[in-house]
2 protein chains.
Amino acid sequence: MANSIHPLLVNFFADLPDTPAPIYARLKQAITQKVTSGEWQANQRVPSEAEIVKALNVSRMTVNRALRELTAEGLLTRQQGLGTFVAQKKAHSALFEVHNIAEEVASRGGQYHAKQLQLTKSKASVEEAINLGMRTNQEIFRSVILHFEDNQPIQLEERVVNATLAPEYGEQDFTQETPYVYLMKAAPMTEGEHLVEAVLPNARECELLDINDHEPCLQIKRRTWSGDQIVTAARLLHPGNRFQLFGHFSS
Amino acid sequence: MANSIHPLLVNFFADLPDTPAPIYARLKQAITQKVTSGEWQANQRVPSEAEIVKALNVSRMTVNRALRELTAEGLLTRQQGLGTFVAQKKAHSALFEVHNIAEEVASRGGQYHAKQLQLTKSKASVEEAINLGMRTNQEIFRSVILHFEDNQPIQLEERVVNATLAPEYGEQDFTQETPYVYLMKAAPMTEGEHLVEAVLPNARECELLDINDHEPCLQIKRRTWSGDQIVTAARLLHPGNRFQLFGHFSS
DNA sequence: ATTTATTGATTGTATATACAACTTAATGTT
DNA sequence: AACATTAAGTTGTATATACAATCAATAAAT
């Protein structure tokens, strides 16, 4: 019967995360979560707009927006008169933009939080000064932040910031806002570089990331410029078994 | 006065192309044209939604959709309470271009050579078929090639190729020309995706790559499309201590 | 002079409604 | 049996309305 509840919809009742995010965004998260978790397989039919409207008691235009945006992002495909389906092409999320790990986790439907392990101000060491293109007597901030996805460590971020270019860095609360967000306000990035490699973590890093010895890690070293000055240099360490870097390109 | 017509709007009157496309799409086109032609410079203010509504006599929601989508595409930036502006950054230049390892080694001034370990034709396994979007009874090529830089192994390349799309693959000599070069001739790539992660190699891979046990490796899995068909899927394994992936981006 | 409050402009979200365009399945006609 | 029509379901677009959230400039108060 057309009246029977769509089987996929069982878990849709009151299924949206009750974060303060807007409805369409929470719906996107919920659907993304279903897809990335594998609960909804590729090519599988997704509930129609009308069904979701009934199940969640929201407006069809809101549902339409969520589905339309997910389609634009490549997670779903839609065909007029036919329905909405899970796309084949990978459900993986962001690519080069590992900038904002919080957003990336959220876009996968995961739960994000962070722990700030260090945030200090001091004079740059020789190495740091060279790396940032500064002099050794100039001041820098050092921060160490551990990022979590669903209560598992996903990224260890060690960052050095030119204090002249981002003087308020030391007063931020990075459990609420990622350094990237603040730094883009303070000194908008005009250029950047990555260096990606596979490394073995040391004992402290193993403990922080909650992984076994000999578990390889994906390390990204990044420097970002604002104009001709280096704003910040960061080392991002990710457990190899929980983190992948995805990229898509077209010609 | 707030009533005066926005200078940028002069050309907006009856400015939409009269193709049969929907209004929001034509508005996107018109704005994109202004930006790419340089008529609207970076950081320049874009007419507000209300102004465009007045000028074109369309609904604000329609204008909102056009501006919102262009923002998602990176052409514009918007700030609540402030306005809409032309974004600075152009486009993401593809960075992770590790396509041709031979060229890369040469560009570093290293000496390149390759060993072909396998090159066979057979029917696709279930996994391979799924990965390539084929059926299990269709034919594929499998190749395994070891690439060297200065006589040290630098990349182990395991590749599966859709035999229908690249029928001559089995007759190539990949010690003289990399698979990438041939495949670009046979079925020019239109799209691709990478998946980068840190992994531990198995015993055979350690031997081939001439590395110690527990030495982490950088693994790149790549699939490339020609049109809507997947041409090839490859797994590229690199010793973590000899290989780094570098990328640079600018706005 | 400094701070605070107000106001207007702007974008952000949510809803209800309407109709168009397309697809599939069922129904009717020849 | 083959074809044409109809109906139901689905996505696509456009509009009007309402209110919230944010920002900058102005006005008011101290």
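Fair warning: this is a prediction, and the values are worked out from it, not measured in the lab. Order of the sequence lines sets the chain letters (A, B, ...), proteins ahead of strands, with each chain counted from 1.
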Does [X] have any side chain to side chain donor-acceptor pair (under 3.5 Å) partners at least two apart in sequence or in another chain, and if so, which?
X: A:S37; answer: none
X: A:R242; answer: none
X: B:R26; answer: none

Hey, which of these two, B:G83 or A:P22, hits DNA chain C nearer its 5' end, going by closest nucleotide?
B:G83
Can a side chain N or O of [X] be found less than 4.0 Å away from OP1 or OP2 on [N]?
X: B:T84; N: C:dT10; value: no
X: B:Y24; N: D:dT13; value: yes
X: B:R65; N: D:dT13; value: yes
X: B:R78; N: C:dT10; value: no

Residues in side-chain contact (heavy atoms from CB on, under 4.5 Å) with A:V53, at least two apart?
A:R60, A:V63
Length of the [atom1]-[atom2] vector between [X] and [N], whole Å:
X: A:R26; N: C:dT13; atom1: CZ; atom2: P; answer: 12 Å
X: B:N64; N: D:dC19; atom1: CG; atom2: C1'; answer: 14 Å
X: A:L67; N: D:dT10; atom1: CG; atom2: P; answer: 13 Å

Can you check whether A:E168's main-chain N or O pairs, donor with acceptor, with A:E171's side chain at less than 3.5 Å?
no
Those residues that, when tested against A:F174, pass ring-ring contact (aromatic ring centres under 6.0 Å, His included) (two or more places apart):
A:Y169
Any protein N or O atoms within reach of nucleotides 15-21 of chain C? Criterion: under 3.5 Å, listing atom names and distances.
| residue | atom | partner | partner atom | Å |
| --- | --- | --- | --- | --- |
| C:dT15 | OP2 | A:S59 | N | 3.1 |
| C:dT15 | OP2 | A:T62 | OG1 | 2.9 |
| C:dA21 | N3 | A:Q80 | NE2 | 3.1 |

